[in-house]
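Treat the numbers as computed from the prediction; the structure is a model and nothing was measured. Letters A, B, ... mirror the listed sequences (proteins, then strands); counts begin at 1. Just so you know, these numbers use all the heavy atoms, side chains as well, and skip hydrogens, waters and symmetry mates.
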Amino acid sequence: MANVSVSEWRKLPVSLAELCIDTTLRCGQSFRWKRFRDNEWSCALHGRIITLKQDSMHLHYRTIRPRLASPLHSLESSRASSVAKYLEEDDTESLLRQYLNLAPNLSALYEQWSSKDPNFKKRARQFAGIRILKQDAWEALVGFICSSNNNISRISQMVHNLCLHYGALIGYIDDEPLHDFPTPEALTAPGTEAHLRELGFGYRAGYIAKTALIVAKERPEGWLQALRNPEIFDESKDQEAFPESGREGYRRAHDELLQLQGVGPKVADCVCLMGLGWSESVPVDTHVWQIAQRDYKFGKGKHKSLTKVTYDAVGDHFRTLWGREAGWAHSVLFTADLKTFSERLTNNIEVHIDEVKIKQEGESILESRVVTKREYSLCEVKGELEDVRDGIVLETTRSQRAKRRRT
DNA sequence: ACAACACCTAATAA
DNA sequence: ATTATTAGGTGTT
């Protein structure tokens, strides 16, 4: 307690349609956010612990960071700390705007994708606020190398172990230590591969150790960062035509990443999308391949199996359909297919209280409500997901007595 | 170009 | 209880 600085809660005006952290932080694009009590999400980022929570209108955040040991005496020290505090607050807000990628208007994008694609529209309501994060490219690279033949839960555990053993300790939440993601250099020591195998990384241990060596020793300084999309988001370019195979910078980044160990087309696309800011990147994993077959008529004729040619064709199709932010739309459909969120597809009940009447009768009041329940679900019918939203509309009228004190 | 197979591990299904 | 399958693929024949 004595050697950390805990900030006040601050807030940003962000609706759930623009960002839903409960979905975005669990949908398999980042592996380090951890939920603590009261639906607070925490992660060590840029030398501090950031905690997020949100309500319908605001994203709330605060930071915990090591207090800098100051050689200054008390007067200057207090002045320095107030300056430091000012900088920290300013810095964290812009860091969050960056990391959470808040510039694009997500509601507007959902509208565009929905108008172009009825299948997207079916999923959109239940999976609002899914935003592509701008993560650190190196962290994304290692995280997605871990993702091959793997599930989100174990990937998260592996990344946690990696941070625990090779990353800097930043601080604690509820006595639980939170570490930053290790640098490439931290993973280049001899014996790293064997150690990672002991830690349960399996065959990915070799991929990570070799990739760390390539990035740290064989590539020039700043090589990975240089593959990032340098453009700032420009809404007016939304509808602008662009190559169906993606922008040149994206193609180049993808090709460069393929040279690394344990990086195939899918992992390269994950890094391009989540770590390098190439929004047109569409990672085609087994889920997306199944979606492409089920809902977009792939799996026949020329594209019978997921070869490299088919892989590119699926990405091109979605880029043509959804446009420049195709990777964002892809992430919504991908998330809708995750087992973790399957309960959202069935038994959803929307409750609207359309009318409330309160009559006074003696010492008690009589309250009557007209409650409309809309039960809607995406039910599996003949192997297809069908929207039966309008199937059931329940109306109930309730009368209840409520005791009331005289005041 | 394409298909088949091995590769680590842990949870779940059969 | 033991075995097969599955989970956000990649590298090698």
Side-chain angles (χ1 to χ4, degrees), chain A residues 23-33 123 127 130 132-133 135 139-162 165 192-215 254-275 281-295 298-315 318 326-343:
Chain A
T23 315
T24 299
L25 300 182
R26 291 196 296 142
C27 71
Q29 55 173 314
S30 61
F31 304 104
R32 264 179 339 115
W33 287 92
R123 307 291 187 275
F127 294 91
I130 298 175
I132 297 296
L133 304 172
Q135 299 178 74
E139 175 173 352
L141 175 55
V142 176
F144 288 109
I145 286 176
C146 292
S147 78
S148 74
N149 249 317
N150 212 342
N151 57 71
I152 294 174
S153 159
R154 185 157 81 111
I155 300 164
S156 303
Q157 185 56 48
M158 286 161 65
V159 169
H160 177 255
N161 266 326
L162 197 64
H165 290 271
T192 299
E193 176 175 347
H195 184 218
L196 291 180
R197 274 188 181 270
E198 286 171 23
L199 292 177
F201 281 73
Y203 61 82
R204 303 162 198 88
Y207 294 162
I208 293 170
K210 283 164 192 147
T211 291
L213 275 171
I214 294 173
V215 171
H254 193 269
D255 290 347
E256 292 274 343
L257 290 169
L258 285 181
Q259 306 304 310
L260 302 170
Q261 278 294 309
V263 180
K266 187 269 179 182
V267 170
D269 271 325
C270 286
V271 178
C272 284
L273 180 63
M274 285 88 144
S281 174
V282 179
V284 182
D285 59 19
T286 133
H287 278 278
V288 175
W289 173 231
Q290 278 164 23
I291 292 168
Q293 293 174 89
R294 188 187 66 204
D295 302 328
F298 277 87
K300 292 164 187 163
K302 172 72 181 129
H303 304 301
K304 205 160 167 33
S305 68
L306 189 49
T307 64
K308 177 65 177 142
V309 173
T310 303
Y311 185 100
D312 291 337
V314 171
F318 285 135
W328 291 53
H330 136 280
S331 195
V332 175
L333 295 195
F334 169 79
T335 304
D337 242 46
L338 283 178
K339 194 181 59 197
T340 322
F341 299 107
S342 59
E343 73 279 4

* **Under 4.0 angstrom between A:T307 side-chain N/O and B:dA1 OP1 or OP2** => no

* Roughly how many Å is it from NZ in A:K308 to P in B:dA1, rounded to a whole number? -> 12 Å

* Report the residue (A:G262 or A:S147) whose heavy-atom-nearest nucleotide on DNA chain C is the more 5′ of the two. => A:S147

* **5'-most by nearest nucleotide on DNA chain C - A:L260 or A:H287** => A:H287

* Looking for any heavy atom pair under 4.0 Å, which part of the strands does A:Q157 touch: base, sugar-phosphate only, or nothing? -> nothing

* Structure fact -> Of the listed B:dA3, C:dT10, B:dA1, the closest approach to the A:S305 side chain comes from B:dA3

* Have a look at A:E198 and say if it touches a base, only the backbone sugar-phosphate, or nothing, with a 4.0 Å heavy-atom cut-off. => nothing

* Spacing between A:I208 atom CD1 and C:dT10 atom P, to the nearest angstrom -> 14 Å

* **Sugar-phosphate, base or nothing in reach of A:R204, heavy atoms under 4.0 Å** => base

* Asked: Which part of the nucleic acid does A:K210 contact within heavy-atom distance under 4.0 Å: base, sugar-phosphate only, or nothing?
  -> nothing

* Structure fact -> Separation of B:dT9 atom C1' from A:R154 atom CZ, nearest Å, is 4 Å

* **Presence of donor-acceptor pair under 3.5 Å, side chain of A:Y207 and base of C:dG9** => no

* Asked: Under 30°, 30 to 60°, or over 60°: which ring-plane class applies to A:Y203 and A:Y207, parallel, tilted or perpendicular?
  -> perpendicular

* **Complementary nucleotide for B:dA11 - Watson-Crick or wobble, under 3.5 Å** => C:dT5

* Heavy atoms under 4.0 Å, any strand shown: does A:C146 hit a base, just sugar-phosphate, or nothing? -> nothing

* Provide, to the nearest angstrom, the distance between the CG atom belonging to A:N149 and the C1' atom belonging to C:dG11. => 12 Å

* To do: Give A:V288 one of three labels, base, sugar-phosphate or nothing, depending on what nucleic acid heavy atoms sit under 4.0 Å from its own.
  => nothing

* Checking all strands, does A:I145 fall into the base, sugar-phosphate, or nothing category for heavy-atom contacts under 4.0 angstrom? -> nothing

* To do: Rounded off to whole Å, could you give me the CZ-to-P distance for the A:F201 and B:dC7 pair?
  => 20 Å

* Considering only the C1' atoms, how many Å lie between B:dC2 and C:dA7, rounded to the nearest integer? -> 25 Å

* Structure fact -> Rounded to whole Å, CG of A:L258 lies from C1' of C:dG11 at a distance of 13 Å

* Side chain of A:P265 only, please: which of B:dC7, C:dA7, C:dT10 is the nearest? => C:dT10

